[in-house]
Each structure stands twice: as structure tokens, then as C-alpha cells.
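Worksheet for the structure shown next.
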There are 2 protein chains.
Amino acid sequence: MSTSATPRERLLDAAGELFYRDGVNIGVDALCKAAGVSKKSMYQLFRSKDELIAESLASRGPAYQLLLHPGPEDDRSPRERILTVFERQDELVASGNYLGCPYVSTAVELKNPEHPGSVVARHFKQQLTDFFHRELVKAGAEDPSTLAIQLTMVFDGANARAVVRAQPLGGIGAVTAAALLDAAGVHAGEFALN
Amino acid sequence: MSTSATPRERLLDAAGELFYRDGVNIGVDALCKAAGVSKKSMYQLFRSKDELIAESLASRGPAYQLLLHPGPEDDRSPRERILTVFERQDELVASGNYLGCPYVSTAVELKNPEHPGSVVARHFKQQLTDFFHRELVKAGAEDPSTLAIQLTMVFDGANARAVVRAQPLGGIGAVTAAALLDAAGVHAGEFALN
DNA sequence: GAAAACGGAAACCGATCGGTTTACTGTGAG
DNA sequence: CTCACAGTAAACCGATCGGTTTCCGTTTTC
């Protein structure tokens, strides 16, 4: 049951879900009630609500990446590994209750780029760009840095579309990413010569 | 001075600015104080705060579009007119205090796609896509509908990047849009034959 | 078995939330 | 002059905000 995890784990889990579903303005009382943790415990585990925002965001990172990135055992071409991210995004949106990238959404809500939560968001967004960059280098792309940023932008643009329209994306993200990869000469099954 | 406008105009202006700068969770009291309008007046001009959110968002629309879209007097090619949007976006971000597209940000904060503010956001996002679509048809693009959506996604992806990184974009949006236009065969100075 | 630490329930704090109401001021129309 | 209206200031409502504190039961530790 849920009380088997430590109060800290329960808090991080509940915070990750509720901050995402209801926004960072949800109250600390509701949060603690959902986690089955007293406010006293919360405030001796975290300095403030702001810190809990940042830490819950960070704790969600690995699972979110696992959901989107292909694993190292996936030995398809870099292009296919990159497109996997957009296909998984599509599935997430189609499965409903998707409210956009948690990092971007939180950064948008916080407004302040120096908020600890915004710092975490920046870090994880960079990790997605870094993944694209690694794959593009493997594929021998000409300008992997620019292209990695462009793919990240397509990813976030697709998220924005999903949030605003509240409808499935219909593969438009993958199609757009593929167009950019095509234009850069990153083809299917292609690895860099070495 | 600011009190020369009607209470309704002052409220819409203040709401447009404060909802954007501080988020839709800013209090009605602070809003009315900034607008120099009593709460009583506010609540007989608008049914609820939610309605004020939607109406202030809608009232900002024309100015925001004027800021981004090239005017009808700009008789450059469709491609150049499209790229103008991304160049203006770049300038907005570089000018500081840019917190992303007001429509997307509000939709992200509201979470609920049926909120009247979300409906307005959807409508204005569609207007940007429609602008791209019109230009692409003028240029004789092969699949203007898909490409218009892709350009909108690039626009919103650039916004997300600007919000998360809180740094200038360095033209990456225009570069990406140009790459997609290139790939679709929409070239500089090109108009459809007719 | 005693002592100490852990942690939940709930009261409490001043401030603010969205929204309503009362009281008062200015202003324009008849 | 008077009446009606528009609009502000401010009190008020119950609820909730982030955060602290008190109380008490349970578990761990020696």
C-alpha cells in the first residue's frame, strides 16, 4: 500500500502528480493529505514548498526520460532512436490526461527563471537536447548542435499543440522531426563512418 | 492618464498585463487595484474572474498579432512574410521580460481545456496557423495544411525554449522555419503561378 | 523497560483567495 | 434642485494560502 514508502517518497510522488495535474499553486494542505503526510513532517523534510516543487520535479526526471528515450539495448539507427521520442510523445498525448512536458509547464507557471524549480526544468530540457545531440553525432550529422536544439523545439511545440488543442497529435511531431532529419541528411539506418 | 479610459478598458489592460506577468492566479484585489477599479465595478462588468481571464486574453489578440504578423502592405514573398513572424518573435525574446506566448502560457496554467480562457487560446493559436496557411497557399506549397501546423509548432517550441532558458533565441526559430520551408520547396521570392 | 526519535492530527498564525454588500461621492439629465 | 446612475472605498463572508506549533501515539534504540 501507499504508506509502505517513506513519507519523503510519498510526498515526492504526490507532489509530482498534483503539481503536474493541478499546477504549482495547489495548496500544501491538499498535497500533504494526498500523500498521507502531516505538514509538520513535510516542513522538516523540505525547507519550503518551493523546494518541494524543485525536488519533486527532479525526482520525476528519470521515469519521464525512461518513458521517452529508447534504451541502450535498442540498436536501431540514430534516426530511428530519435524518432522514437516523438512516437512515444504521440502515444502519451493519445492516452489522454497529458498536460504537456512537466518541466516546461512548471517553468511557465513559475515565471521566475531563478526559482529552483525552473533550474531543474532547464536541466532536464538540456538532457533531452543532449540525447538528440549524441544520436546526431553517431549519425554523423553536419551540425548536430543546431539540429538537436531544433528537434527539442519541435518536441516542445508538439507539447504546446497538445495542451492547447487537447487532442491527439496524429504523428505531426514525428513527421516534422523526420523532415528536419531528412533536410540535414540523416537517413534511416545510417551510422557515421568510422 | 490611465483613468481616462473606461473602467472596462482599464481592467482589460491591467488583466492582460498582470495575468501574463504573474500568472492567472494573481488575486482579484491586486488586479482591481492595478486597474484603479473597485471590485464592485469589476463584478458588474464581468461575471467572474474566469470570464475576465478569457476577455482580457481575447482583447490582447489584435495587438499581439499586429506585433508578429507582417501587414498587408508588406508585399514580399510568402516565405519572407512567414519568416517575419519568427524574426519578430526573436526580437520580442531579446527585448527581455518575454514569458512566452500569452495564449499557450494561459492554457498551460488553466489546465482545463474547457475553461473560457482555453477556448480563446485555441482560437488565437488557430489564427496563427491560418496565417501561415494563407501564405503557403499563395506560395503554392504542396501540403500547406501540414506545413502551417509545423510552423506553428516551431513557433511554440521557440517560445518554450525562451521561457525555459530565459535567454535570447539567436534566430533558431527562423532558421528552423526556413529549413522546413526549404524542404517543402517554398523558396525566396516565389509566388504561385496563376 | 526507559528514553528518545518519528510522525500524524489538528489548532493556530496573519494574509489572501473569489465574491458580495454597504455606504458614500461625483456627475449628468430632467 | 433633484433624482438616478456610475463608480470607489472598504467592510465583510467563508475558505484557503504557506508556514509553525502543540499534543499525543507509535516505533525504535539501548
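As the structure is a computational prediction, the values presented were derived from the model and not from experiment. In what follows, chains are A, B, ... by sequence order, proteins preceding strands, each numbered from 1. Just so you know, these numbers use all the heavy atoms, side chains as well, and skip hydrogens, waters and symmetry mates.
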Spacing of A/Asp22 atom CG relative to D/dT16 atom C1', expressed in whole Å: 15 Å
Under 4.0 Å between a side-chain N/O of B/Arg10 and OP1 or OP2 of D/dG7, yes or no? no
Under 4.0 Å, counting only non-hydrogen atoms across every strand here, what does A/Leu52 touch: a base, just sugar-phosphate, or nothing? nothing
Any salt bridge between B/Arg47 and B/Glu55, counting N to O under 4.0 Å? no
Closer than 4.0 Å, any side-chain N/O of B/Tyr43 to the OP1 or OP2 of C/dG19? yes
Is a side-chain N or O of A/Glu109 found less than 3.5 angstrom from the main chain of A/Val24, in a donor-acceptor match? yes
What is the distance, rounded to the nearest whole Å, between atom CG of A/Leu18 and atom P of D/dT16? 16 Å
Can you tell me how far C1' of D/dT16 sits from NZ of B/Lys49, to the nearest Å? 13 Å
Hey, which of these two, B/Asn25 or A/Met42, hits DNA chain C nearer its 5' end, going by closest nucleotide? A/Met42
In whole angstroms, how far is the C1' atom of D/dG18 from the CZ atom of A/Phe46? 16 Å
For B/Glu9 and D/dG7, give me the distance from atom CD to atom C1', rounded to whole Å. 15 Å
Just N and O in the side chain of B/Ser41: are any of them under 4.0 Å from OP1 or OP2 of D/dG7? no
B/Lys33 NZ to D/dT8 C1', in whole Å, measures 13 Å
NZ/NE/NH1/NH2 to OD/OE distance under 4.0 Å, A/Lys39 and A/Asp29: yes
Which whole-number value in Å describes the distance from A/Leu31 CG to D/dT16 C1'? 14 Å
Centre-to-centre under 6.0 Å for A/Tyr64 and A/Tyr103, is that the case here? yes
Over all strands shown, is A/Ile26 touching base, sugar-phosphate only, or nothing at heavy-atom distances under 4.0 angstrom? sugar-phosphate
Is the shortest side-chain N to carboxylate O distance from B/Glu91 to B/Arg88 below 4.0 Å? no
Gap between atoms CZ and C1', on B/Arg8 and D/dT8 respectively (whole Å): 19 Å
Under 4.0 Å from OP1 or OP2 of C/dG8: is there any side-chain N or O of A/Lys40 that close? no
